Amino acid sequence: MGQEMKVIVFALAHEEYGVEVEKVKTIERMQPMTRVPKTPEFVKGVINLRGVVTPVIDLRGRFGFPESEYTDNSRIIIVAVGDIEVGLIVDSANDVIDVDTDHVDDPPDIVGGIKAKYLHGIAKVGDSRLLILLNLQEVLNKSEIVQLENAEE
């Protein structure tokens, strides 16, 4: 038996993804964002979350998927990587599950159009569910975050 890790499951473009619970601060409903000039297209802007200005990126755009209209199910998952907090827009945030680390395989080179460097692995959950675990360090790639940090000043 490997270690259990708790992951928050969210949907994006008809696939299920997971991020470790300890990296997630809160899950917010969609809210108005302030656009930031000179940032990549997938950076939707910043929100003021209880006094903290938090950049928000659209994960669909980040991975080069067609962006879609936001719905009542759309959520902003606020994640913390190092000392940076970023909001990730996802199609819906579904549940929290335990994943046995023994059941996490290395990602193939590309999954659902996403390069392996953005992925931590593929987790098997139960008999039929596959969860794509994100590597947040890479998803929130330093150079892009530097742009975001500069944007706040």
Side-chain angles (χ1 to χ4, degrees), residues 3 5-99 101 104 106-107 109-123 125 130-153:
Q3 304 248 273
M5 75 178 183
K6 276 200 180 328
V7 295
I8 288 187
V9 178
F10 64 89
L12 196 68
H14 309 299
E15 299 272 3
E16 285 196 304
Y17 294 82
V19 286
E20 293 126 279
V21 164
E22 69 256 17
K23 299 210 165 96
V24 174
K25 305 283 285 237
T26 61
I27 298 178
E28 306 288 333
R29 292 183 168 276
M30 293 302 289
Q31 47 195 276
M33 289 171 240
T34 307
R35 279 290 301 169
V36 180
K38 298 202 285 287
T39 51
E41 182 59 25
F42 59 79
V43 177
K44 291 301 160 202
V46 293
I47 54 177
N48 186 334
L49 211 52
R50 293 174 275 288
V52 180
V53 174
T54 306
V56 175
I57 68 178
D58 190 313
L59 264 193
R60 278 175 171 257
R62 177 69 180 95
F63 291 143
F65 298 155
E67 292 183 17
S68 65
E69 292 291 311
Y70 302 135
T71 68
D72 289 347
N73 292 325
S74 301
R75 293 290 179 271
I76 303 174
I77 299 180
I78 308 293
V79 295
V81 176
D83 48 5
I84 298 170
E85 283 187 27
V86 178
L88 307 175
I89 300 175
V90 302
D91 296 352
S92 62
N94 303 335
D95 48 9
V96 178
I97 57 173
D98 289 314
V99 170
T101 50
V104 176
D106 288 337
D109 291 342
I110 210 155
V111 181
I114 300 178
K115 296 187 192 70
K117 72 171 188 168
Y118 296 133
L119 307 175
H120 169 70
I122 306 283
V125 183
L130 287 179
L131 266 192
I132 303 169
L133 300 177
L134 290 186
N135 172 355
L136 286 177
Q137 299 300 126
E138 277 301 328
V139 170
L140 308 176
N141 187 300
K142 280 290 178 276
S143 59
E144 281 147 18
I145 294 218
V146 167
Q147 285 177 299
L148 291 176
E149 287 187 321
N150 297 342
E152 287 171 30
E153 284 160 17

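All figures in this text were calculated on a predicted structure; none of them were measured in a lab.
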Between the main-chain N or O of Q3 and the side-chain N or O of T101, is there a donor-acceptor pair closer than 3.5 Å? yes
Point-to-point distance, once rounded to the nearest 0.5 Å, from CG of L12 to CD1 of I132: 9.0 Å
Residues E138 and Y118: closest non-hydrogen pair is O-CE2, 3.6 Å
Could you walk me through whether V125 and E16 pass the side chain to side chain contact (heavy atoms under 4.5 Å, CB included) test, one step at a time? CA-CA 11 Å; V125 183; E16 285 196 304; over 6 Å; no
Give a yes-or-no answer on whether the side chains of Y17 and D91 include a donor-acceptor pair shorter than 3.5 Å. no
Could you grab the distance from atom CZ of F63 to atom CG of L119, nearest 0.5 Å is fine? 6.5 Å
Taking every non-hydrogen atom, the tightest pair across V139 and R62: O-NE, 2.8 Å
Among residues at least two apart in sequence or on other chains, which ones pass salt bridge (Lys or Arg N to Asp or Glu O under 4.0 Å) with R50? E28
Filter on salt bridge (charged side-chain N to carboxylate O under 4.0 Å, His left out), then keep only pairs touching residues 17-27, sequence neighbours left out; what's left? E20-K23, K25-E85
Check V90 against A11 and note the closest heavy-atom contact, atom names and distance. CB-O, 3.8 Å
Is R60 positioned over the aromatic face of F65, cation under 6.0 angstrom from the ring centre and no more than 45 degrees off axis? no
Residues, nucleotides or ligands: over 12 heavy atoms within 6.0 Å of R35 CZ: yes
Kindly give the heavy-atom pair with the smallest separation between E67 and E41, and that separation in Å. OE2-O, 4.4 Å
Looking only at non-hydrogen atoms, find the nearest pair between P55 and V46 and report the distance. CA-CG1, 3.8 Å
For V104 against A123, the heavy-atom pair lying closest together: CG2-CB, 4.0 Å
Which one of D95, I97, I27 satisfies the side-chain contact (heavy atoms from CB on, under 4.5 Å) criterion with I8? I27
